[in-house]
Amino acid sequence: MAFEMMYVPIGVPTFHLESAQKEFEKSVALLQKIDADVIVPEEMLLSIDKLNTFTEGKHPDLLIVQNITFANGAYIAEVLRQFDCPVLLWTLREPVIDGTRLRLNSLTGAYSASNVLHEFGRAFEYIFGSPEEASVQKKVAATVAAAKVKKALRALNIAQVGHTPQGFGFGRALDMEMMTTFGANLVSVEARELIDKAKSFTDEDVAAYLADAQNRINGLDRIKPENVADFARLYRAYDEFVKEHHIGALSSRCWPDFFTAFGTPVCSVLGILNDLGVAAACEADTYGALTMFISMFLTGKPAFFGDPVSMNEAESTLTFWHCGMAPCSLAREDTGACAGLHCNRKIGPTLEFGCKAAPEVTIVRVGKKADGSFRFFLSKGETLDKPQQFYGTSLVVKTETPAEQVLNASVKDGWEPHFAVAMGDIFDEIKALCTMLGIEVNVY
């Protein structure tokens with residue numbers, strides 16, 4: 001179903017309605033710019049009767065409740081009685097301060113509304129300011145984006161291919177936790193099922209997949225032909241599984257099975273899936289894949305998945321790395337995505353490259369605390385123009401907070417070793433999403 005957000009401008013008719021009407025019109029214009037399908041009333045809702053007439057029969061995924069003038073708590077209580085969805089409470093700035101009458105008194109209305117929201121036990125986002133202010137526009141857009149992610153999560157099928165290796169249990173997801181916390185449906189399949197499927201294909205069956213991969217990856221001709229052919233078989237097996245089960249995110253077991261039971265790594269397949277819009281993480285890290293899905297949804301771009309492996313205090317940089325499964329589209333322009341051999345197993349093809357620079361990135365992780373409750377890691381910075389740092393794929397992030405501080409604090413706080421690096425600034429969106437999901441956010 002399509003995403004629906006609804007603008008609810010509440011107030012009373014005893015304030016300066018000419019000023020209120022101007023703010024109403026500017027607010028509608030802003031919201032329609034952010035989402036053309038926003039549901040807006042034809043006029044300000046200056047009585048509870050008008051409010052109820054407007055809201056009747058609607059099913060919003062996000063409520064933007066604005067005190068167009070002062071309104072007592074009965075207005076927001078009526079809204080909360082009808083709808084159980086995320087709320088953005090918006091206070092307008094007084095348009096004129098000239099020693100005469102109070103034009104809107106929106107702020108007092110916000111206190112009345114927030115008091116009721118707390119009484120209802122409802123978390124909410126909040127913004128103060130006028131529609132033409134850049135900070136307001138950014139906050140509203142971020143909240144709308146977060147609400148869209150929340151709705152998308154409820155339609156998400158996330159696949160767990162195989163089990164996490166010993167000692168990697170932090171990535172193992174439970175179906176009920178995934179559904180009750182995020183709304184997503186967890187699909188589990190054994191790695192051997194996809195391996196067996198891959199083995200069933202002939203060279204002719206996978207010719208189109210091999211041709212596609214050759215357009216994405218340089219140097220496949222330098223890898224043993226039998227490994228390249230088996231990689232193409234894996235590519236088709238995973239692609240068909242994703243399409244058959246409508247998978248939007250996927251975590252896959254990789255070592256040792258794909259080396260020992262199949263003879264070819266799955267790394268490059270996962271990298272291509274990310275470029276095809278399916279968030280794919282290795283080492284069966286399902287919460288890593290979930291993090292990537294959220295990152296990709298918000299940026300519209302593939303995300304990098306990897307371990308923090310190196311720090312440069314002088315540059316304030318952290319290097320993120322993995323064996324060779326980053327999206328090909330993130331590769332530096334001067335090298336492109338290259339084929340290589342796995343750094344430990346010496347079997348290919350894996351992906352080999354350093355990632356290109358990006359002016360804004362966000363480091364994100366859906367993790368768990370010792371008591372089993374969820375939390376989000378959140379930090380931001382930029383990626384630098386650096387060559388490949390180690391065998392595999394690497395990305396160098398200059399963090400906004402000093403890297404040494406980010407590293408020391410995150411290690412002491414017990415974070416999992418896998419992170420997603422989102423190709424854009426989604427800091428505000430993640431914070432808003434955490435409010436909507438009732439999950440703690442830790443900013444570094």
Side-chain angles (χ1 to χ4, degrees), residues 1-11 27 31 34-35 37-41 45 47-68 71-91 109-127 139-158 175-186 248 290 293-294 297-298 366 373-376 428-441:
M1 295 178 65
F3 174 82
E4 291 187 357
M5 71 170 178
M6 188 165 73
Y7 170 52
V8 184
I10 56 176
S27 298
L31 295 174
I34 293 171
D35 187 333
D37 296 323
V38 59
I39 302 169
V40 300
L45 306 176
S47 71
I48 289 182
D49 285 344
K50 288 184 177 181
L51 170 65
N52 285 332
T53 298
F54 170 63
T55 58
E56 185 178 2
K58 297 181 174 63
H59 306 281
D61 300 298
L62 173 66
L63 287 166
I64 299 179
V65 179
Q66 181 190 69
N67 280 99
I68 200 74
N72 64 53
Y75 284 74
I76 188 70
E78 189 64 23
V79 171
L80 298 179
R81 185 181 67 80
Q82 296 179 50
F83 305 115
D84 182 14
C85 65
V87 175
L88 170 62
L89 181 61
W90 183 359
T91 300
Y111 276 94
S112 295
S114 69
N115 177 259
V116 174
L117 281 157
H118 275 275
E119 288 292 326
F120 271 73
R122 298 277 290 276
F124 62 96
E125 287 295 298
Y126 177 68
I127 186 67
K139 174 72 173 183
V140 174
T143 305
V144 172
K148 288 181 177 180
V149 175
K150 184 176 185 293
K151 184 177 179 69
L153 286 170
R154 297 190 66 82
L156 174 65
N157 288 328
I158 182 167
D175 50 4
M176 285 299 101
E177 282 189 337
M178 185 66 74
M179 186 171 290
T180 57
T181 304
F182 302 99
N185 176 48
L186 182 63
L290 179 68
F293 174 84
I294 293 168
F297 188 97
L298 289 171
V366 176
S373 60
F374 287 94
R375 60 178 177 172
F376 269 74
D428 291 341
E429 288 83 347
I430 294 293
K431 290 181 71 176
L433 177 63
C434 288
T435 298
M436 295 174 189
L437 295 175
I439 296 177
E440 175 185 312
V441 60

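We count residues from 1, following the sequence as given.
The heavy-atom pair separating Cys85 from Leu63 by the smallest distance is SG-CG, 3.6 Å. Taking all atoms of both residues into account, the shortest heavy-atom contact from Leu45 to Pro41 is CD2-CB, 3.9 Å. Here the shortest heavy-atom pairing between Met436 and Pro86 reads CG-CB, 3.7 Å. Heavy-atom minimum distance, Leu62 versus Ala147: CB-CB, 3.9 Å.
Annotation: side chain to side chain contact (heavy atoms under 4.5 Å, CB included) contacts of Lys151 (sequence neighbours excluded): Met1, Phe3, Asp61. With sequence neighbours excluded, the residues forming a ring pair (Phe, Tyr, Trp, His ring centres under 6.0 Å) with Phe182 are Phe374, listed by chain and number. With sequence neighbours left out, the side chain to side chain contact (heavy atoms under 4.5 Å, CB included) criterion links Ala152 to Phe293, Phe297. Listed by chain and number, the residues in a side chain to side chain contact (heavy atoms under 4.5 Å, CB included) with Ser47 are Asp49, Lys50 (sequence neighbours excluded). Applying the side chain to side chain contact (heavy atoms under 4.5 Å, CB included) criterion to Ser112, with sequence neighbours excluded, gives Phe70.
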Practice prompt. Take Ile430 and Leu298 through the test side-chain contact (heavy atoms from CB on, under 4.5 Å) and record every step on the way to the result.
Written response: CA-CA 9 Å; Ile430 294 293; Leu298 289 171; 3.9 Å; yes

Item to complete: Check the pair Leu117, Leu80 against side-chain contact (heavy atoms from CB on, under 4.5 Å), reporting the backbone distance first and the verdict last.
Response: CA-CA 8 Å; Leu117 281 157; Leu80 298 179; 3.7 Å; yes

Discussion item. One pair to check against side-chain contact (heavy atoms from CB on, under 4.5 Å): Lys58 and Ile39. What are the steps and the verdict?
Written reply: CA-CA 9 Å; Lys58 297 181 174 63; Ile39 302 169; 3.6 Å; yes

Discussion item. Please determine whether side-chain contact (heavy atoms from CB on, under 4.5 Å) holds for the pair Leu88 and Met5, giving the CA-CA distance in whole Å, both sets of side-chain angles, and the decisive distance to 0.1 Å.
Written reply: CA-CA 10 Å; Leu88 170 62; Met5 71 170 178; over 6 Å; no

Item to complete: Begin with the C-alpha distance, continue with both residues' side-chain angles, and end with the deciding distance and a verdict on side-chain hydrogen bond (donor to acceptor under 3.5 Å, both in side chains) for Ser27 and Gln66.
Response: CA-CA 9 Å; Ser27 298; Gln66 181 190 69; 2.9 Å; yes

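When only modelled atom types and interatomic distance are considered, Gln82 and Thr55 share a side-chain donor-acceptor pair under 3.5 Å.
Enclosure of atom CZ in Phe120 by more than 12 non-hydrogen atoms of other residues, nucleotides or ligands within 6.0 angstrom is indicated.
The side-chain heavy atoms of Ser114 and Tyr126, taken from C-beta on, include no pair separated by under 4.5 Å. Side-chain contact check for Thr181 versus Leu437: every heavy-atom pair is 4.5 Å or farther apart. At a threshold of 4.5 Å between non-hydrogen side-chain atoms, the residues Leu89 and Asn67 count as touching. In this structure, the side chains of Ile48 and Tyr75 come closer than 4.5 Å at one or more pairs of heavy atoms. Residues Ile158 and Asn185 have side chains not in contact (no heavy-atom distance under 4.5 Å, counting atoms from C-beta outward). Residues Leu156 and Leu290 form a side-chain contact, since some pair of their non-hydrogen atoms from C-beta on lies under 4.5 Å apart. Annotation: side chain of Ile294 is in contact with side chain of Leu153 (closest heavy-atom distance under 4.5 Å). Taking 4.5 Å as the limit, some side-chain heavy atom of Lys150 sits within range of a side-chain heavy atom of Leu433.
Taking CD1 from Ile64 and CD1 from Ile127, the interatomic distance works out to 11.5 Å, rounded to the nearest 0.5 Å. In this structure, CD on Glu429 lies 10.0 Å from NZ on Lys139, to the nearest 0.5 angstrom.
A salt bridge (charged side-chain N to carboxylate O under 4.0 Å, His left out) check over residues 72-89, counting only residues at least two apart or in different chains, returns the pairs Glu78-Arg81, Asp84-Arg122.
The aromatic rings of Trp90 and Tyr7 are tilted relative to each other, their planes meeting at an angle between 30° and 60°.
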